[in-house]
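What you see is a predicted model, and the numbers here were worked out from it, not measured in a lab. Throughout, protein chains are lettered first and strands after them, A, B, ... in sequence-line order, and every chain is numbered starting at 1.
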There are 2 protein chains.
Amino acid sequence: MKNNDRKEQIVKTAAQLFREKGYNAVSMRDLAKDLGIKAASLYNHISSKEAILAEVILSTARDFTEHIDNTFLEEKSSVKKLEEIIESHIDLTIEKANFVACLNNDWMHLEEKNLNDYIKMRNHYESTLRKIIIKGMNLHEIEPQNPELILFSLLSTLRTLYLWYPKNKHIEKSVLSKELKNNLLKGIITI
Amino acid sequence: MKNNDRKEQIVKTAAQLFREKGYNAVSMRDLAKDLGIKAASLYNHISSKEAILAEVILSTARDFTEHIDNTFLEEKSSVKKLEEIIESHIDLTIEKANFVACLNNDWMHLEEKNLNDYIKMRNHYESTLRKIIIKGMNLHEIEPQNPELILFSLLSTLRTLYLWYPKNKHIEKSVLSKELKNNLLKGIITI
DNA sequence: GTCTATAATAGGATAGAC
DNA sequence: GTCTATCCTATTATAGAC
C-alpha cells in the first residue's frame, strides 16, 4: 500500500473512532486493531496521536473556511449568503460526518500550535458570518436583533447537524436543505 | 466537613473539570488537587470516577425530565409550552452550566446501567417534546414541516446554550429569553 | 477523613529484526 | 512497512497507618 493511501486510511479510521468514543478514549492500539495492524506500525505513517487529530480537525476547518470566504466575496444578498452557508454545512456534514463531529467535540485536545491555528480559523469563521448578519441587518434584510444570538442559534444547529443526519438519512438532501433554511431563516428575515 | 457536603463539593468540582477538559482527560489526581486533598481520599466519598460522572449527568437529566413532564401536563397551547421549555433550558443552563455541559459531552462515557438510564431519559424527553410539536401542528399553531427537523433545530440550540451564555453574560435573562423565543419560534409558528 | 505506599493495568512511543 | 519486545509514564483503585 502506498504511503499516502495508508496515511489517509489511518486518518479516516481515526476520525470514525474519535467520533464514536472521543479522542481520549481511543488508544493507538484500538486504532491499529481496526486497521488490522499493530500499534507500532502506525508510527511509520504518522508522528503522533495528536498529529492525527490535527489532520482531522484542521483539514475540516480549512474546508469550512474556504466555503465561507468564497460566499463572503459574492455579490449576493445577505439572506442568499446565509442560505449558501447552510448548504455548505449540509454538504460537509454529509460528505465527512466523522470529521465534522471530531472538529466539534475534540478540538480542545489539540496541542499548542495546532490549537492556536484551529481557534484562529474558528474566530475568522464566526467573524465573517457576523459581518454577513450585520450587513443584512443594516440593509433591513434581517430583523434587528442581537446579532450574537442569531449567530449562535444558526451555528449551534449547523454545527450539530452531524448528530441528527445519520438518524434521518431517508430525507432527500434537497428537502433537508429547503426545510432547514425555512426553519432557521424565517425567524430572522423581515417579511 | 460533613460527608455529604464533601461529596457535593467533589461532584461540583468534577463537573467543572469535566466541562473544561472532557471526562477522560481529567484524572482523579487532577480532581483531588483542585480540592486540596490526595486522590486516595476521594474514595472515602465516592465509589469510582464513573460514579461521579453518573451523579453529574443523571441528576441533571432528572432536572430536565421533571421540567418537561410538568409542562406537558399543563392546559396551555403548544407554543406556550415550547416557550416554557426554552425558558427551562435557559434556567438550567444559568444555574448549573457545568452539569449541562457534561451531560452533553460526556454521556457516552457512562457504563452499562447508568448509560441505559440516561438514554431512557433522553428518549423520553425527545418523545415528549415531539408530542407537543405534533399536537401544535395538528391544531395549526405550528407550520406543517418535518417534525423531526423542528425537534432537532430547537434542541440543538437549547442544548448548546452553555457554550454561548458564558461569553454573553451581560445580556439580561429576560432579554435573552424573549429574543431566543422569537428567534426559535417565529420560524415555525403560523402567522 | 486524610495520608503514604503500592498494586494492577493501560497508554504513547521507540528500537531493531525481518 | 510491519512485526515483537520493551520503556516509561500515567491511570484507577485498594490497604492499612494515623
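- When only modelled atom types and interatomic distance are considered, A:D34 and A:T13 share no side-chain donor-acceptor pair under 3.5 Å.
- Every residue meeting the salt bridge (Lys or Arg N to Asp or Glu O under 4.0 Å) condition with A:E87, not counting sequence neighbours, appears here in chain and number order: A:K181.
- For the pair A:Q9 CD and D:dG1 P, the computed distance is 12 Å after rounding to whole Å.
- Counting only N and O atoms by type, the side chains of A:Q145 and B:N182 include no donor and acceptor under 3.5 Å apart.
- Residue A:K49 contributes atom NZ, which lies 9 Å from atom P of C:dG11 at whole-angstrom precision.
- For B:Y165, there are no ring-ring contact (aromatic ring centres under 6.0 Å, His included) partners two or more places apart in sequence or in a different chain.
- When the P atom of D:dG16 is taken as reference, atom OH of B:Y43 falls 18 Å away, rounded to whole Å.
- Phosphate contact (OP1/OP2 of D:dG1, side-chain N/O of A:S41, threshold under 4.0 Å): absent.
- Of the inter-residue distances, the one linking A:F99 atom CZ with A:N104 atom CG reads 14.0 Å to the nearest 0.5 angstrom.
- For the pair A:K135 and A:F72, the cation does not sit on the ring face, since its NZ or CZ is not both under 6.0 Å from the ring centre and inside 45° of the axis.
- Rounded to whole Å, atom P of D:dT12 lies 12 Å from atom CG of B:L53.
- Listed in residue order, the members of residues 17-38 of chain B having a heavy atom less than 4.0 Å from DNA chain C are B:I37, B:K38.
- Counting only heavy atoms from C-beta on, A:A40 has its side chain closest to C:dT14 among C:dT14, C:dG1, C:dA13.
- Across the protein-nucleic acid pair, B:K7 atom NZ and C:dG1 atom C1' stand 16 Å apart, rounded to whole Å.
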